[in-house]
Asks: 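Mind having a look at this structure? Questions to follow.
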Amino acid sequence: MRIAVCPGSFDPVTKGHLDIVTRASKLFDRVIVLVVINAAKTPSFSPEERVQMIREVIGGSLPNVEVDTFSGLLADYVRDVGAVAIVKGLRAVSDFEYEFQMALANKKLNPTSDTVFLTTASQNMYLSSSLVKQIAQFGGDISDFLPSQIVDRVASRLCKKE
Ligand code: COA
């Protein structure tokens with residue numbers, strides 16, 4: 001059983017994340033999408049809401065994918081579940097330095113797992129959760145960026161237009 005963990009803030013999950021998770025599910029026997037508390041960020045959705053949104057989006061379409069939440073060191077979680085890989089999407093060269101640093105640190109903390117980078121699909125290269133939230137705050141159309149199941153919820157939570 002080869003287990004992979006796809007970690008992130010997922011605040012909220014985007015089509016870019018979904019693409020990476022879907023592709024990871026074809027490469028590994030079991031994939032855990034892990035909503036991690038990133039202390040450097042102020043989220044718009046609670047961890048429980050983020051988990052719920054990911055579960056709704058995945059539905060029954062990816063039977064080997066499950067969703068969990070965690071606060072702490074990613075390397076500890078990965079070791080505890082016996083995962084062989086951390087899967088991350090690389091959007092652009094600008095992601096590389098930070099991701100490289102994280103991958104090396106995670107390898108040092110838990111030598112039994114590796115970080116696997118999947119190149120983000122070209123249509124998602126510029127996408128981030130913050131970008132989608134900014135567009136939603138001003139009433140912009142976010143339907144191209146988010147899975148259809150959560151578009152209305154994210155828009156109604158964030159839109160500040162009267
Ligand atoms: N498509 C679209 N957007 C993507 C994407 C993709 N394929 N991959 C990443 N993104 C976006 C994310 O939505 C995120 O957007 P945001 O900054 O607007 O929220 C942005 O790119 C950065 O993503 P990422 O670098 O994965 O950050 P993150 O906050 O989602 O996740 C953690 C970072 C939680 C995995 C990391 O901080 C962590 O592991 N924390 C736990 C503590 C720990 O172990 N630290 C490491 C010590 S070595």
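All ligand and atom numbering here is 1-based and tracks the order in the structure. The analysis underlying the following values was restricted to heavy atoms, covering all of them including side chains, and did not include hydrogens, waters or symmetry mates.
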Asks: Closer than 4.0 Å to some heavy atom of Ala105 - which atoms of ligand 1 meet that?
Replies: 48 (S)
Asks: Run the contact test for Phe70 against ligand 1 with a 4.0 Å cut-off on heavy atoms, strictly below, and give the result.
Replies: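 It does not, in that no heavy atom of Phe70 comes within the 4.0 Å cut-off of ligand 1.
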Asks: May I ask you to identify, for Lys41, whether its side chain, its backbone, both or neither come under 4.0 Å of ligand 1 on a heavy-atom basis?
Replies: side chain
Asks: Please say yes or no: joined through hydrophobic side-chain contacts below 4.5 Å, possibly via intermediate residues, are Phe100 and Val116 part of one cluster?
Replies: no
Asks: At a 4.0 Å threshold, what atoms of ligand 1 neighbour a non-hydrogen atom of Thr14?
Replies: 2 (C)
Asks: Is Leu127 close to ligand 1, meaning an N/O of one under 3.5 Å from an N/O of the other?
Replies: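 Looking only at distances, the answer is yes, because the N/O contact criterion of under 3.5 Å is met.
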Asks: Polar-atom distance check: Asn38 versus ligand 1, any N or O pair below 3.5 Å?
Replies: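 Yes - when backbone and side-chain N and O of Asn38 are compared with those of ligand 1, one distance drops under 3.5 Å.
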Asks: With no hydrogens and no angle check, just 3.5 Å: does a side-chain donor-acceptor pair link Ser9 and Asp11?
Replies: no
Asks: May I ask you to check if ligand 1 and Leu74 share an N or O to N or O distance below 3.5 Å?
Replies: yes
Asks: Any idea which protein heavy atom is nearest atom 38 (C) of ligand 1, and the distance to it?
Replies: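 For this ligand atom, the closest protein heavy atom is Met102 CE, 3.9 Å.
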Asks: What class does the angle between the rings of Phe10 and His17 fall in, given that below 30° is parallel, 30 to 60° is tilted and above 60° is perpendicular?
Replies: perpendicular
Asks: Hey, is the main chain of Asp76 close enough, under 3.5 Å, to the side chain of Asn110 for a donor-acceptor pair?
Replies: no
Asks: Any atoms of ligand 1 less than 4.0 Å from a non-hydrogen atom of Val36? List them with their elements.
Replies: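 The list of qualifying atoms is 34 (C), 40 (N), 41 (C).
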Asks: Within 4.0 Å of atom 5 (C) of ligand 1 (strictly less), any protein heavy atom?
Replies: yes
Asks: Looking only at distances, please establish whether an N/O atom of ligand 1 is found under 3.5 Å from an N/O atom of His17.
Replies: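 The answer is yes, given that His17 and ligand 1 share an N or O pair closer than 3.5 Å.
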Asks: Is at least one protein non-hydrogen atom found at under 4.0 angstrom from atom 19 (O) of ligand 1?
Replies: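 Protein heavy atom within 4.0 Å of atom 19 (O) of ligand 1: present.
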Asks: Lys88: heavy atom below 4.0 Å from ligand 1, yes or no?
Replies: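 Yes; Lys88 lies near enough to ligand 1 that a heavy-atom distance drops under 4.0 Å.
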